[in-house]
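Order of the sequence lines fixes the chain letters, A, B, ..., with proteins taken first and strands second; residue numbering starts at 1 for each chain.
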Amino acid sequence: MARHLITSAIPYINGIKHLGNLVGSQLPADLYARYLRGRGHEVMFICATDEHGTPAELAAAKAGKPVADYCAEMHDVQAAIAGGFRLSFDHFGRSSSPQNRALTQHFAKALADQGLIREVTEKQMYSVTDGRFLPDRYIEGTCPNCGFESARGDQCDNCTKQLDPVDLINPRSVISGSTDLEMRETKHLFLRQSAMKDKLAAWIDSKTDWPVLSTSIAKKWLFDGEGLQDRGITRDLSWGVPAQFDGAPWAGMEGKVFYVWFDAPIEYIAGTQEWAEKTGGDWARWWRLDQGAEDVTYTQFMGKDNVPFHTLSFPSTILGSAEPWKLVDYIKSFNYLNYDGGQFSTSRGRGVFMDQALGILPSDYWRWWLLSHAPESADAEFTWENFQASVNKDLADVLGNLVSRVTKFCNSKFGTEMPATVVLTERETALMAQFRDGLAAYEKAMDEIHVRRAAEELRALWVLGNEYLQAAAPWSVVKTDEAAARGIIAFALNLIRLYAVLSRPFIPDAAQAIMTALNCDDWTWPEDLDAAIRSLPEGHAFAVPENLFRKITDEEREDWAKRFAGRRE
RNA sequence: GGCUAGGUAGCUCAGCAGGUUAGAGCACGUGACUCAUAAUCACGGGGUCGGGGGUUCGAGUCCCCCCCUCGCCACCA
């Protein structure tokens, strides 16, 4: 039994995330956590909401609520939806927690002690009307290059030219529309990532088994142009972790907070502390190499937009602190999921959002499609046709129908109890050999976190059940040799129990439904397949379950395609 | 513009230390079966592996050029 620490990139607080966000981190992280638990490992799975920053303040203002209240509410909303998708976090924390405040300030102090913090005075656009400094992309104006009137301060969406806010003609605040803007000087703290460059490069180079997506992005940031740049870790905002050091003021940093990218990943640790406080558990044995974490394997999941922070910035924080913190062992990153020929768009309400998804179909349907199409090697695309085909074929026809035909056949011929003791004849022995190979392939894919391949291998195991039943043909055998037919069904019922155990990481509710119907609660992973296939003894009572999955009709598909094409309701 | 990743059957994707007739699922066709959610199982048709050049006994797989998509480019997170 090994110990696995798993974290999912923490979703931002301002609103409900879409399916692309879900499949990019939380869902595959959950798959892996469930799999490792299933195999008997000790798992700590942490996620949280990322609550600081300008967008949170603006969203709260728009909602007419104090930002702390807004975040608390949205956290509960996101937690409820995560529960709806059966995301099995050990703790779903908040980056605004007292634990994270203390720990973020602690890291800042540790980094300062190591000489890795420097002050930088920079100029930034200030909106007098809004009373706040504006990030570049919160400034709009006419593009000096192409004349596009809604060019953003960092880049023109029309001609894609990179801009500086001062280049814009007639600049205005995106927030208020105000043109009362001026350049002001402001002092910020920078993390000297550049000083960590060689150490980070050597570390990344040692990670030869990481997805290319993880390493290529990291290397680009490390070596592109002048190489890894120092990065500001403070902002002129009121909502955030005060830019102090272990609670002591830092001269000149009054009224400033740490920048979200700095405090958000620290929440992985602080979230574990929150968990410890809640449960009385020991967080340090997961995170402190001097307090029991040396045998922990730490895996992070994230979308590609988060890779630089997790491969460079957060490791700079960890390594730079010179304290014995656990560093990540494996970074699993994902590309984007597109929606029907374009992008998912939060602002335009394009695509399916997590709450809407649960409103039209149970979580297993989404989990299965998203995981079996996870954007691992390239961007993937969600289409309703594809979704309908996968759900109907894989879930309803292959797995659901298998469970249905076996339990119903047994009920009609032998009643609702196990009709025999499992005996392996030639046919079953051959099937078991195939199953063993398939199971090994499934486990290998899961161990390597090859999500799509794992789904493929799992499905192949389901198909074996249909192949077996079709060849054994108990509906024919029963007419001449009832004992043999009973044996076939007993074997098939036990096979179905195995499917529940093996499928649980992907489709936990359906797995539970199978187990409930089989009147069984033995989720032991089939390390010993010969014993596992005999788990349900002769005479064991079971129930015929409702159909596990229903099919998606063409009418529904068309209706949904129309409904989610634009404008979120 | 620079950089990343990709462009393989109608669709979604595997394959890539270069090596027998390029694979899977879906869709399509034929057959089998009739226990089951008009489900299942078997067999089959279908690809000049984006284009062009090169290296090699041999290239989807390596090199060069071009075309096309997606994304990133550090003050969004």
| message | Does this structure show an ion pair linking A:Arg557 with A:Asp554, if we count only N-O contacts that are shorter than 4.0 Å? | response | yes

### Message
Quick test of your reading of the model: are A:Glu457 and A:Arg453 salt-bridged, counting only N-O distances below 4.0 Å?
### Response
no

Determine if A:Phe409 stacks with B:C35; use a centre-to-centre distance below 5.5 Å and an interplanar angle below 30° as the criteria.
no

Can you tell me the pairing partner of [N] across any strand shown, Watson-Crick or G-U wobble, with both distances under 3.5 angstrom?
N: B:U55; result: none
N: B:A24; result: B:U12
N: B:G2; result: B:C72

Are [X] and [N] close enough that a side-chain N or O sits under 4.0 Å from OP1 or OP2?
X: A:Lys551; N: B:A39; answer: yes
X: A:Arg453; N: B:G15; answer: yes
X: A:Arg452; N: B:G25; answer: no
X: A:Arg137; N: B:C76; answer: yes

Identify each atom pair where a protein N or O and an N or O of nucleotides 61-64 of chain B are less than 3.5 Å apart, giving names and distance.
none

Problem set entry | Proximity of A:Trp369 and A:Phe382 rings by center, below 6.0 Å | yes

How is [X] classified with respect to the nucleic acid when contacts are heavy atoms under 4.0 Å: base, sugar-phosphate, or nothing?
X: A:Pro474; answer: nothing
X: A:Ala380; answer: sugar-phosphate
X: A:Ala396; answer: base

Out of B:C75, B:A42, B:C35, minimum distance to the side chain of A:Tyr259 belongs to B:C75

Go through the N and O atoms of the side chain of A:Glu122 and the base of B:C75, and report whether any donor-acceptor pair is under 3.5 Å.
yes

Between the protein and nucleotides 3-10 of chain B, list every N/O to N/O distance that falls short of 3.5 Å.
from : atom 1 : to       : atom 2 : distance (Å)
B:U4 : O2'    : A:Ser216 : OG     : 3.3

* Asked: Taking the C1' atom of each, how far is B:A36 from B:A77, in whole Å?
  -> 50 Å

Per nearest nucleotide of RNA chain B, the residue lying toward the 5' end, A:His52 or A:Gly400, is A:Gly400

Kindly indicate, with the supporting measurements, whether the criterion salt bridge (charged side-chain N to carboxylate O under 4.0 Å, His left out) is fulfilled by A:Lys187 and A:Glu185. CA-CA 7 Å; A:Lys187 191 165 71 175; A:Glu185 283 199 343; over 6 Å; no

